[in-house]
Every structure is written in C-alpha cells, then in structure tokens.
Amino acid sequence: MKTATKFAGFAVGIAAVFAAALGIGALVGPTGTTTDPAGHDVHTPDDGEASGDSRPGGLLVTDDGYTLQLEKAPAAGAPLRLRILDENGTPLTRYTTSHDKDLHLIVVRRDLTAFQHVHPVLGTDGAWSVPVDLTRAGDYRVFADFVPEGGENLTLGADLHVAGDYDPRPLPAPAKTATANDYTVTLDGTVTAGAESTVTLSVARDGRPVTDLEPYLGAYGHLVALRGADLAYLHVHPEGRPGDGTTPAGPGITFAMTAPSPGDYRLFLDFRHEGVVRTAEFTVTVPYETRERPVGATGTTAPSTQTPSTVPGRAPGDQHGDHGH
Ligand SMILES: [Cu+2]
C-alpha cells in the first residue's frame, strides 16, 4: 500500500540523496529545525500525493508485493513471455485498464537504443506474450507498467540478455528536434530536477504542422522518459484527452513530467497519424540548478525557477508539514 506516510518518507530520502548530489550539504538538518536551506529547498513537488509521481519506477523487479518474472530471451521469431506474480507467486490476471491497456511493456537496450513500446496478450496460463525485436545483441531493460486490480500503478523492471557482439552506442547529444520518417517533432519546455515540468512536443510533416493526430492510448501521444545512467522510468502524464473539447489534435502535445534528478534523459514520444504509430526520440539534459536559495525559513521565498504552476494548490514551504521537519 502506498500511504501518504510512505511517500513522504521516501521523499525525505530522495531529498537527502538529491542534496548530496548537488553538493550543497549532504546533511538534512536535525528533525524539527527549519534552518537548513538545503533540506528545505530540495524535494519532490508531489510528495504528499499518492499519484506515484514522486519516485521513479522501473528500478525494481519486485515492488509493492508484485514481481516481474521474465522468461529468457526468446529465439528469433518467438514471442517474449513474462508474468506478473503476486506476493504468493501466483500470476496476476486481474488488472485495471490504464491508457487503454492492462499492461504496457517497454523494451529498450541498455544504451537506450532499440526502444519498443508494445502491448502483450495475456494467456490462460497467466503469462503475457508479445513479439519483440531483439536482433541487436546486448542487455535490455524490460519495463512492465500496469495497475493491479484494486491497486495502484506500478512499473517493474528486469534485465534481458541477448547474446552476441554488443556495440553500445553513446547517447545522442541533446536536441530540440527529432525526426521520425518524414515527421519532425520539436520539443519546447525546460525540464527541471525535482519539480513537475511541462513539455510540449509539436509534430510537423514536410514542414507543415500536423493538426489531425489520431488518439493513441487515450491521448494524442504517449511519452516515456528514461534516465540515462540507470534507466529509471519516469511517470509522464499527457495533459488533456482527445474529445474533451479543449485538447487539440496537434500539432502540440503537452505532458507533465518530473525528473527526479539532474542528468541525461531519453524521451520517446509515440504518436499516431494516418493509422501508423511512430516514435520520436530526444535526449534531454536536466541541469544542476544554480538558482537562488531561500535561507533560513520556509514559507517566504519560492525558488526563482519555480512558477506557481509547478506546485499546484500548495503554498511554498508547506511541503514538510507532514513528515517531521
Ligand atoms: Cu502502452
């Protein structure tokens, strides 16, 4: 169960790690003090919400009582098979549909190439299966993103080894545009560590904005973001839905994402147009902040780079009221 308390505790841990990573003081002040600026400036914005946004997923093979059990890499042409096991080791067969599917499976090589986002089929034996392209040798990461019936969204991750000569490729340089066949996708927005950021991805073809994107997985686009160093899987939410009366069918698709730390990320946008799903890929570097920090008190000054919209419904400084600072 993900209680608010559990999330808050985790957020404190993240804050401490993040503070250390920033080199601004590894120690969060003693419980009850309000004098440590590092401890009060560095946090995840959603730490009071049970939305799942406040920690990256995909780093654990077992979480919240569920385990991703992956079969060995299949022979060429055979499907990849996996199970989600509950805490008794029984295959989970009851899911809550999310983004049109009971299970979203992401397969990517460890160097962030060969990205695939597929939707397996659940067999009567409780095993999911799906064809995947594993023609490039190397280690892969497999992410299962699902909602157990009656539970909360989980993303489990496991490694898959594909024998052969592995020639890992460097992460492409950060860029604001990406191409997918004759489509060009442009990324607008700045991703900030530890705060929800809004990014808009705009689709054009042959230089003309595409305004008739087709719904895919309940949205005009589906965005997966992975942290380069460890393939942490970020939860990303599209803003608006097709048919809600306000969300346009392109060219721009807007998402809210939270990068848990500075570093390099790879973004994969799936969008559908004229019946075909295409993927545009971007590298985004989330910088270390050199922003002004409020000193000595909470509730007075918001970090200069945070706009009120990044912390909806919450006054600056009140994030720590429920977990002991
Ligand atoms: Cu999916």
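In each ligand, atom 1 is the first atom listed, and ligand 1 is the first ligand listed. Only this structure's heavy atoms are used, side chains among them; waters, hydrogens and symmetry mates stay out.
Put simply, the angle at the Cu ion (ligand 1) from NE2 in His117 to NE2 in His119 is close to 110°, to the nearest 10°.
The pair Arg227-Asp230 meets the salt-bridge criterion, since a charged nitrogen lies less than 4.0 angstrom from a carboxylate oxygen. The pair Asp270-Arg278 does not count as a salt bridge, with every side-chain nitrogen at least 4.0 angstrom from each carboxylate oxygen.
The Cu ion (ligand 1) lies under 2.8 Å from an N, O or S atom belonging to His104. In summary, no N, O or S atom of His99 is located under 2.8 Å from the Cu ion (ligand 1).
Between Thr285 and Pro174, the shortest heavy-atom contact is OG1-CG, 3.3 Å.
Ring pair Trp128/Phe146: centre-to-centre distance not below 6.0 Å.
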